[in-house]
Every structure is written in C-alpha cells, then in structure tokens.
Amino acid sequence: MTPAAVDIAALDRDDPLAEFRKRFIVPDELIYLDGNSLGAAPVSVAGDLADVVAREWSQDLIASWNGAGWFALPQTLGNRLAPLIGAAEDEVVFCDNVSINLFKCLHAALNLRPDRTVVVAEQGGFPTDLYIADGVLGQRAGMSLRLEGRDGHTLEDLIDEDVAVVLINHVDYKSAVRRDMADLTKLAHDKGALVIWDLCHSAGVMPIELNGCSSDFAVGCSYKYLNGGPGAPAFIHVAKRHHDVLRQPLTGWWSHAEPFAFSPDYERSPGIKAMLTGTQPILSMRAIVAALDALEGVDLNAVRAKSEALTDLFIALVEERCGGHGLELVTPRDAAIRGSHVSWRHEHGYAISQALVARGVVGDFRAPDIMRFGLAPLYLRYADIADAVDHLREILETGTWRDPAYAQRSLVT
Ligand SMILES: Cc1ncc(COP(=O)(O)O)c(C=O)c1O
C-alpha cells in the first residue's frame, strides 16, 4: 500500500499499545520525537517523588535508608529491569552513569582476559564510549584500541585472538543501525574475546536477550526509552558466570562485602554488587520506580512491532511528501536492522530541525548534518507521525527554515 492510501486513523484505533500513552505526560502542543534522548515523564512520577520528599525524606529521614529501601535500590530496580533485557535475577544493578559504568565494565572485562592486548570498538559509536575506552587503555600498559571504520571495515575483520573485549552499541545513536547481538557475541566468543553491549538506544523499546545471546557485560541509560528522567542513573548487567571473579577498580564502600563494618580493608561483595561504588542519587533512583511502573505489563514484542511500523511509516511518508528537498535517509530501510529512531542527512539540518521545533515538532540534531527523530511506541500515535511529516513538508516547501534565527546554535541540540 502506498503511504497516501494508509488509513492512519485505523492504525491508531487498532493499536494494541494505545492505552500506554495515558501512563505518560505528553504535552498537547508537542509532537515529541525525541524519546530517544529524554523519555516522557510517567504520569505517576510527580506524585511519587512528592511523597518521597514529604514522607520518606522529610519525616522519616535516615530511617528511610532501610525502611523505604533506599540502600537496596540499585539491586531492587536492577531486578525489575532484568526481565526487560533478558537478564536473570541478581545480574543487574542501577548506579552512576553509562560512562562510569563502562569504565568499570571495561576494567572488569580486561581483568578476565589478562593475556590479551586489544579492545575493539566502533569509530562511529557514541563518543563517550570511545573516550572511556581511551581512558581505560591509557591506564593499562601495552594495550591498544582497534576501531571499526578506522582499522578495518567490519567488526568481523578486527576480532582475532589478541582481542580481549569487543564494545558494541546495540543501536547506533546516529544511524539507528541495529547490531545482531547473538551473531556478534558468538563471533567474539569464538575468538576468546568478551563483549560489552551498550544498550542506551535499545533498552525498553525492543526485546533484548542478553543471556539468550550469552552476553558478558552490558551498560545502558534509563533516561531514553526507559523514561527515568533527566540524568537518571544507568544500569550494568554482568552474566552470573563472571560474578566470582568480578574485579573493577572503583572499589567504593557500596561494593564492599560488609559496608557497615567500616573496615579499613577492602573486601569485595559477592555478586553484582561488586560493580557498585558509592552513595547513589536516591531521588533520581526513586524516579525509576515510576518509570518501571509505567512499563508494567508491557509486551516488548508489541513495542517492537509498533516501532517498526512507526519508523516504516515515517520513512515512507517523508519520501512521498518531502521528496526533492535534499533529504538523505541515513537509517537502514530494512526494519530488521533498524532501531527506533530515523535519521535524515541535510546540509541545513540544524536550521530545519529548529524550524520544526518552532512548530512544536521536537526531534534533535547530531552534528554535522543529521536530523534525528526518536519514535517512542508507548506514547506516540501514527497520526503524530503523519502530522510531523506535514510540518516538515511545509517547512521545506515554504523555505521558512531559512530564517536566520534558526541558524543560531544552542549548547544542547
Ligand atoms: C549510546 C550511548 N552511550 C552512552 C551515552 C552517554 O551516557 P552517560 O551520559 O550516561 O555517561 C549516550 C547518551 O546519549 C548514548 O547514546
């Protein structure tokens, strides 16, 4: 069926996930296509946090560390997330941010392969992953980084018996290319290497089978499709088979076997708690409770099916209605190897995305020339996609994006 013939209203009417939109605050005046940067606020989060402040903090004070479960939040939240990423009980903790968690995981993984000298990563991966890899390798003599896109064409070309760890973004933050977790994990394992998956752009928006793929380590943030809020703590997964030998260098007291013994000597906690470091931002942690509540009962296969349908529709409508204006699709056309965002390259992408924002269509821009639109299936309607494309068409046809005001760069894009 051509996009013009698609019955958008019927798609929304028959959407099995339509009810989930009520669990989020989506401002009426916005078409929010940036849930892959900052997810929408769950409806329950404001009341929940107000109660945390008014009761747990203001009234109960220090008793809340035990009474309200604050101290155990990294594990209790991790156990709630685990089934959504194909992990087992006691394999996941929430803590810190992705960068710090990656630092810990990289060291831990390298400690498991002491005789090997190479880390493989993607040149196009999210920059913090590369910066952290660089920092970690700088602390370990004789190590080097091999990058897909710089030192070889594909990851397959780069993984050999010297490789200790392969760090892979499950979904690329710019192009939305989705990697095959099972195949690449097996490829690394066949050469004796370990894998670390960065799940930032896939957690919460598609089924993930970390244990089904025999993954070793994974990190991810909770502020995108998990809707945990700005700066929400990230998570770490480590497969149980590595827990007995889990050594990471940020050995703070939250990773101690007996933190309240206050011993001067460090003794590593058994299990996944060994990946913790110090005190966590409890208010932000508590917001993740509401975020996970909003996902309660969700079928990630249905989320994935809608994500594919939304991204398919968006691509088809843009190509039908906005042709001839220099937009180049960066995202794979094949839904099977695509995440839940769609990116278009355009020489004037920044100004066009600003002109869209001025009309209430919020996507984002990734330098130097990529307009990125995150399609979060739990709170977006098919009609939103069609309306967004109409705004884009009008902006391109009328040339309103040429207004010099839209060329002014702001710090966060
Ligand atoms: C793929 C990926 N990894 C890592 C990060 C950054 O993580 P953090 O700021 O939590 O360290 C992002 C942020 O958008 C990301 O998209």
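By convention here, the first residue in the shown sequence is residue 1. Numbering of ligands and ligand atoms starts at 1, following listing order. Model, not experiment: these values are computed from the prediction.
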Partners passing salt bridge (charged side-chain N to carboxylate O under 4.0 Å, His left out) against Glu258 (at least two apart in sequence or in another chain):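 Checked Glu258 against salt bridge (charged side-chain N to carboxylate O under 4.0 Å, His left out); zero matches.
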
Residues forming a side-chain contact (heavy atoms from CB on, under 4.5 Å) with Val118, sequence neighbours excluded: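 If we apply the side-chain contact (heavy atoms from CB on, under 4.5 Å) test to Val118, skipping adjacent residues, the hits are Val120, Ser144, Arg146, Asp162, Val163.
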
side-chain hydrogen bond (donor to acceptor under 3.5 Å, both in side chains) against Asp369, all qualifying residues, sequence neighbours excluded: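 Applying side-chain hydrogen bond (donor to acceptor under 3.5 Å, both in side chains) to Asp369 gives Arg345.
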
Set of residues that line ligand 1, where lining means a heavy atom lies under 4.0 Å from it: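 Within the 4.0 Å shell of ligand 1, which is judged on heavy atoms, sit Asn97, Val98, Ser99, Phe126, Thr128, Asp129, Asn169, Asp198, Cys200, His201, Tyr223, Lys224.
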
Where Lys22 and Val43 come nearest, the two heavy atoms and their spacing: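 For Lys22 and Val43, the tightest heavy-atom pair comes out as O-CG2, 3.3 Å.
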
Residues Arg338 and Asp334 bridged, charged N to O under 4.0 Å: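 So Arg338 does not pair with Asp334 through a salt bridge.
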
Greater than 12 external heavy atoms within 6.0 Å of Lys240's NZ: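 More than 12 heavy atoms, drawn from other residues, nucleotides or ligands, come within 6.0 Å of this atom.
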
